[in-house]
Amino acid sequence: MRITWVFAATCAMVLVISGCGRPQAKSVEPVVVATEDGSPFPAALAGRWKSDRHGWEFVIEPDGRISSTVIGLGRVTILPGQTATVATRSEDQAVFTPGPWMVHYDPATSMLTIKITMDHIHVPMGDTTLEGSSTDTFTGSVSSTMDAWQAQWTAFTRYKALTGEGASVDLPTDDTYGEAQSLIFVKTPVPAR
């Protein structure tokens, strides 16, 4: 009898300490910033980085966080951790929900990597709707003047086209290699807020 009581008391203490048995939700940072050697992110990389093609744009803060990005799909401005709802030409609503983003810089090689994850994309286009998610990775060397970045863009998409007739067509990229191409980004200063 004493063993049962001790066991019950121990279980009760565990439940109280662990929040009544419910798993604790771990908050995910919308943008994670890291440097290869653990040094502070170079403030000289802060600014608006615009690509030469496809409409991609990143606003990088002095601490390395991305405060906004313009994604290539629809050239829509997305803020980290915030769903964007945009009216389409057909007066429908397109929805863009970002996932976690990552910025990594290696001072030894001047290699900058940015990873943009979109957890959910819903874009009505007439009788068809594009639905899915994507991960876009940009990696390459930054110039010695820190105002140009030659990046390899690799897109991993998991899109479906849903037609008005109820058909669903998969439009994914290769899970291993994605779809890659080179982009050149040029930095311009961001006006003080």
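Side-chain contact between Leu130 and Leu171 is present, with at least one heavy-atom pair separated by less than 4.5 Å. Taking the side chain as every heavy atom from C-beta outward, Val103 and Leu112 approach each other to under 4.5 Å. Contact check for Thr83 versus Phe96: no side-chain heavy atoms found under the 4.5 Å cut-off. In this structure the side chain of Phe138 never reaches within 4.5 angstrom of the side chain of Thr113, judged on heavy atoms. Residues Thr137 and Ile116 are not in side-chain contact: their nearest non-hydrogen atoms beyond the backbone lie 4.5 Å or more apart. By the 4.5 Å heavy-atom criterion applied to side chains, Ile66 and Glu61 are not counted as neighbours. Met118 places none of its side-chain heavy atoms less than 4.5 Å from the side chain of Ser133.
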- Query: Stepwise, does the side-chain contact (heavy atoms from CB on, under 4.5 Å) test hold for Ile60 with Ile114?
  - Reply: CA-CA 10 Å; Ile60 299 177; Ile114 292 178; 4.0 Å; yes
- Between Asp136 and Lys115, is a side-chain contact (heavy atoms from CB on, under 4.5 Å) present by the stated rule, with each step listed? CA-CA 6 Å; Asp136 295 277; Lys115 181 178 173 184; over 6 Å; no
- Query: Could you walk me through whether Thr139 and His104 pass the side-chain contact (heavy atoms from CB on, under 4.5 Å) check?
  - Reply: CA-CA 9 Å; Thr139 189; His104 182 270; over 6 Å; no
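In the hydrophobic clustering of ILVMFWY residues, with side-chain heavy atoms under 4.5 Å counting as a link, Val70 and Phe185 come out apart. The hydrophobic cluster containing Val32 does not contain Leu79, counting ILVMFWY residues as joined when their side-chain heavy atoms lie under 4.5 angstrom apart, directly or transitively. With hydrophobic clusters built from ILVMFWY side chains whose heavy atoms lie under 4.5 angstrom apart, Leu183 shares a cluster with Ile78. At a threshold of 4.5 Å between side-chain heavy atoms, the hydrophobic network of Ile, Leu, Val, Met, Phe, Trp and Tyr places Leu73 and Val86 in one connected group.
His122 and Gln93 are not linked by any side-chain donor-acceptor pair at a separation below 3.5 angstrom, with hydrogens and angles left out of the test.
Contact detail for Phe156 and Gly178: the closest heavy-atom pair is CE2-N, 3.2 Å. Considering every non-hydrogen atom in both Thr128 and Ala161, the closest pair reads CG2-CB, 3.9 Å. For the residue pair Pro80 and Ser67, the shortest heavy atom distance occurs at CD-O, 3.3 Å. The heavy-atom pair separating Gln152 from Ala180 by the smallest distance is NE2-CB, 3.2 Å. Considering all non-hydrogen atoms of both residues, Met146 and Pro42 come closest at CE-CB, 4.3 Å. Listed here is the closest heavy atom pair of Pro124 and Thr88: O-CG2, 3.9 Å.
Remark: Thr129 OG1 to Asp92 CG distance equals 7.5 Å, nearest 0.5 Å. With rounding to the nearest 0.5 angstrom, the CD1 atom of Ile121 is 3.5 Å from the OH atom of Tyr159. Note that OG of Ser141 is 9.0 Å distant from CD of Gln150, once rounded to the nearest 0.5 Å.
In summary, Asp147 and Lys187 do not engage in a salt bridge, as defined by a charged side-chain N under 4.0 Å from a carboxylate O.
Side-chain atoms of Trp149 come within 3.5 Å of backbone N or O of Gly140 as a donor-acceptor pair.
Scanning for ring pair (Phe, Tyr, Trp, His ring centres under 6.0 Å) contacts around Trp101 gives an empty result, with sequence neighbours left out.
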Under 3.5 Å, side-chain donor or acceptor atoms of residues 43-55 against the rest of the protein: list the pairs with distances, not counting sequence neighbours.
residue : atom : partner : partner atom : Å
Arg48   : NH1  : Glu57   : OE2          : 2.7
Trp49   : NE1  : Leu45   : O            : 2.9
Ser51   : OG   : Arg53   : O            : 2.7
Ser51   : OG   : Trp56   : N            : 3.1
Ser51   : OG   : Trp56   : O            : 3.1
Asp52   : OD1  : Ile184  : N            : 3.1
Arg53   : NH1  : Gln181  : OE1          : 3.2
Arg53   : NH2  : Ser182  : O            : 2.2
His54   : NE2  : Gln181  : OE1          : 2.9

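Around atom CG of Asp170, more than 12 heavy atoms belonging to other residues, nucleotides or ligands sit under 6.0 Å away.
Between Tyr105 and Phe41, the ring planes lie perpendicular to each other; the angle is over 60°, past the 30° to 60° tilted range.
Residue pairs satisfying the salt bridge (Lys or Arg N to Asp or Glu O under 4.0 Å) criterion with at least one member in residues 63-91, sequence neighbours excluded, are listed as follows: Asp63-Arg65.
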